[in-house]
Amino acid sequence: SCKNKFGMDDWIFLGLVQSQPFEKTVKEAITNIADRTVGIAAFSLASNETVTSENVLGKGLAKHLQLTEAKFEAFVQSTLR
């Protein structure tokens, strides 16, 4: 829906992580994306499954993100007085 904010030659990369397994409709929507300038890589924490758009951008994004597990880091800011 925000694609109109980008130029025709801009590339859009989306990395998604969700806690639930992928539904069939979500898998199909991601893999069948028709726009060659949008790459999507998605990872399910529940099933450890990765789904990507079947275009160059999606496959490249998945390769560089290496979505095999989610890692979270907590950053604590200390205050000096």
Side-chain angles (χ1 to χ4, degrees):
S1 66
C2 64
K3 176 106 169 88
N4 59 357
K5 296 184 182 196
F6 296 92
M8 292 193 61
D9 294 329
D10 289 335
W11 293 352
I12 301 169
F13 296 94
L14 298 172
L16 310 170
V17 177
Q18 73 175 36
S19 61
Q20 301 299 317
F22 292 116
E23 295 179 9
K24 182 180 178 183
T25 56
V26 173
K27 285 183 188 180
E28 290 174 353
I30 292 171
T31 56
N32 295 328
I33 187 102
D35 195 324
R36 65 175 182 81
T37 63
V38 177
I40 301 174
F43 180 72
S44 166
L45 295 172
S47 63
N48 288 328
E49 180 181 13
T50 301
V51 178
T52 63
S53 53
E54 293 295 320
N55 56 18
V56 174
L57 295 183
K59 292 176 182 180
L61 179 60
K63 180 180 176 182
H64 290 300
L65 285 181
Q66 298 177 358
L67 295 172
T68 56
E69 65 179 315
K71 295 182 182 179
F72 299 94
E73 294 183 26
F75 295 96
V76 180
Q77 180 179 359
S78 62
T79 58
L80 300 174
R81 294 182 191 217

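Scope of the values below: all heavy atoms of this structure, side chains included, with no hydrogens, waters or symmetry mates. Predicted, not measured: the structure shown is a model, and the values here were computed from it.
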- Query: Under the side chain to side chain donor-acceptor pair (under 3.5 Å) test, which residues partner S47, sequence neighbours left out?
  - Reply: S44

- Item | Flag, side chain of S53 to backbone of I40, donor-acceptor distance under 3.5 Å | yes

- Applying the 4.5 Å side-chain criterion to the ILVMFWY set and letting contacts propagate, would V56 and V38 be lumped into a single cluster? no

- Write down the atom of V51, the atom of I30, and the distance for their closest heavy-atom approach. CG1-CG2, 3.7 Å

- Item | Residue pair T37, D10: steps toward the side chain to side chain contact (heavy atoms under 4.5 Å, CB included) verdict | CA-CA 7 Å; T37 63; D10 289 335; over 6 Å; no

Which donor-acceptor pairs under 3.5 Å do the side chains of residues 12-27 make with protein atoms, sequence neighbours left out?
from : atom 1 : to  : atom 2 : distance (Å)
Q18  : NE2    : Q20 : O      : 2.9
Q18  : NE2    : P21 : O      : 3.3
K27  : NZ     : E49 : OE2    : 3.1

- Query: Hey, is the main chain of D35 close enough, under 3.5 Å, to the side chain of N55 for a donor-acceptor pair?
  - Reply: yes

